[in-house]
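For the numbers below, each heavy atom of this structure counts, side chains included, while hydrogens, waters and symmetry mates do not. Fair warning: this is a prediction, and the values are worked out from it, not measured in the lab. Throughout, protein chains are lettered first and strands after them, A, B, ... in sequence-line order, and every chain is numbered starting at 1.
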Amino acid sequence: MRIIFMGTPDFAAKILQALIQAGHDIVLTLTQPDRPKGRHGAAQKSEVRKLSEDYGIPVLTPERLKSDEAAKEAMRSSGADVAVVAAFGQLLPEDVLAIPKHGCINVHASLLPKYRGASPIQWAVLNGDGVSGVTTMQMDKGMDTGDILEQLIVPLDDKETGGSLFEKLSSSGAELILHTLQSLSEGKLEPKPQDDSLASKVGLIKKEDGHINWDDSAIRIERMVRGMNPWPSAYTFIHGKQVKIWEAGVLEKEELPKGASFALFLNGDGKMADRQGKQEGKPEERPGSIWISGERIFVFCGTGLLEILSLQMESKKRMKADDFLRGNMAFLKGNGQ
RNA sequence: CGCGGAGUAUAGCAGUCCGGUAGCUUAUCUGGCCCAUAUCCAGAUGGUCGCGGGUUCAAAUCCCGCCUCCGCAA
């Protein structure tokens, strides 16, 4: 089949890779223009663009497909049977949807109609879902509202992170789109409309979404630690320095080891909080209090206790809690600089 | 040439400003204590101070170049 591929990041590149390996004829690729990225501010090609160029596939990078007549003309003249879209980053206008003979098929990283929108993978982890999956659907003018073609369910692991689920769903997505295209060529697809009453919508995850609110429950924060990994990561501030938390465990407050000692109190800006507040219980047990026991680090949360297993100070490498304590006790206590 | 931090023993750090015998915690090994222990005590092993030049009687430290890692920003 002659296929136009539209996508941008890693997730899309994996789908494209699978299509190429399966022997499909990719006649044209559309992806986002090169964006500044990385430490030196240089514009970088998207993953999809790199892959396409490696295989000698023509690439277009329309800033706004909606008003880019040249790109539309290229699509028309390609004579494509179908367009496969994965994390393209632009809403497709209706006239574009109609260009390929069989329309545009989207690979979406959730079990639609759940998690329509931009960050379905992270939200599955953030919400503690037991399963997620991938969906292929016939695109229409809405945001992930088209008829469902096929779905594949993927179970989540207890320690699932955004990154690990991403890996699972991209390979499942690749598998599913190949199957869907096979079904399409055999005329066996049965599009099913989505049940809008079950729909949920998720927005793009932003850096700020990784900022931990210690008033939340330990359970929720631990999910956040996993869901925001590897980006934007769950973080807090200690003495004004950003600290990312990479691994954490959930405990009950009663499980705080007896020998533990209070180290410091956190709040949003990393300064010592007002201890005269009218919160319940001892001030050292309010949400955001850090306790140290031997080589372990604990933080009181709104509900429960979070043990920090591995973390990363800004400008530093990720390290285990015991390693962190080894050389940072002075910093924690504020004695250092 | 976007802004900034960092590279010192297995690991985490101090020391660099102000040049003068390589330090701390941990790990490892040995011994002690103990019914026993991830506890405690004593001792030992272990480092081309990222790489290459330069200055100097003398460089982890000062100067120049390079490599690598990381945070921000996108």
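- Phosphate proximity of B:C70 to A:Gln312: absent, as no side-chain N or O sits under 4.0 Å from OP1 or OP2.
- Atom CZ of A:Arg318 and atom P of B:G71 are 9 Å apart (whole Å).
- With respect to A:Arg35 and A:Glu63, a salt bridge is recorded, a charged nitrogen being found less than 4.0 Å from a carboxylate O.
- In this structure, A:Glu295 places its CD atom 11 Å from C1' of B:A11, rounding to the nearest Å.
- Here the separation of B:G32 from B:G15, taken at their P atoms, is 39 Å to the nearest Å.
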Could you list the donor-acceptor pairs under 3.5 angstrom formed by side chains in residues 141-149 of chain A, with sequence neighbours left out?
| unit_1 | atom_1 | unit_2 | atom_2 | d |
| --- | --- | --- | --- | --- |
| A:Asp144 | OD2 | A:Gly117 | N | 2.8 |
| A:Thr145 | OG1 | A:Asp140 | OD1 | 2.6 |
| A:Thr145 | OG1 | A:Asp140 | OD2 | 3.3 |

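- Judged by closest nucleotide on RNA chain B, A:Asp323 is the one of A:Ser233 and A:Asp323 placed further toward the 5' end.
- Rounded to whole Å, the P atom of B:A73 lies 24 Å from the corresponding atom of B:A14.
- Across the protein-nucleic acid pair, A:Lys37 atom NZ and B:G2 atom C1' stand 17 Å apart, rounded to whole Å.
- Annotation: B:G53 and B:U21 have their P atoms spaced 24 Å apart (nearest Å).
- Here A:Lys320 lies out of heavy-atom contact (under 4.0 Å) with every strand.
- In terms of heavy-atom proximity, A:His179 sits nearest to A:Glu150 at ND1-OE2, 2.9 Å.
- Nucleotides B:C29 and B:U45 are separated by 16 Å at their P atoms, to the nearest Å.
- Atom-to-atom, CZ of A:Phe324 to C1' of B:A27 comes out at 20 Å; the value is rounded to the nearest Å.
- For the P atoms, the distance linking B:A60 with B:C3 amounts to 31 Å, nearest Å.
- With a 3.5 Å ceiling on both atom-pair distances, the Watson-Crick or G-U wobble partner of B:C51 is B:G65.
- Taking the salt bridge (Lys or Arg N to Asp or Glu O under 4.0 Å) definition, one finds that A:Asp95 meets it with A:Lys72, sequence neighbours left out.
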All N/O donor-acceptor pairs, side-chain side in residues 12-25 of chain A, below 3.5 Å, sequence neighbours left out:
| unit_1 | atom_1 | unit_2 | atom_2 | d |
| --- | --- | --- | --- | --- |
| A:Lys14 | NZ | A:Glu167 | OE1 | 3.0 |
| A:Lys14 | NZ | A:Glu167 | OE2 | 3.4 |
| A:Gln17 | NE2 | A:Tyr55 | OH | 3.3 |

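- Comparing B:C34 with B:U25, their P atoms sit 26 Å apart, to the nearest whole Å.
- Relative to the side chain of A:Arg326, the nucleotides B:A11, B:G71, B:A74 differ in distance, and B:A11 lies closest.
- Hydrophobic cluster membership for A:Val59: none, as no Ile, Leu, Val, Met, Phe, Trp or Tyr side chain comes under 4.5 Å of it.
- A:Ile153 belongs to a hydrophobic cluster whose remaining members, ordered by chain and number, are A:Leu111, A:Val131; membership requires side-chain heavy atoms of ILVMFWY residues under 4.5 Å apart, directly or through intermediates.
- Comparing the C1' positions of B:C49 and B:A59 gives an interatomic distance of 11 Å, to the nearest angstrom.
- Listed candidates were B:C72, B:C13, B:A74. Nearest to the side chain of A:Asn328 is B:C13.
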Distances for protein N or O near nucleotides 3-6 of chain B N or O, under 3.5 Å:
| unit_1 | atom_1 | unit_2 | atom_2 | d |
| --- | --- | --- | --- | --- |
| B:G4 | N2 | A:Ser315 | OG | 3.3 |

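- Side chain of A:Lys317, nearest nucleotide from B:A74, B:C69, B:U25: B:C69.
- Comparing the C1' positions of B:U8 and B:C24 gives an interatomic distance of 12 Å, to the nearest angstrom.
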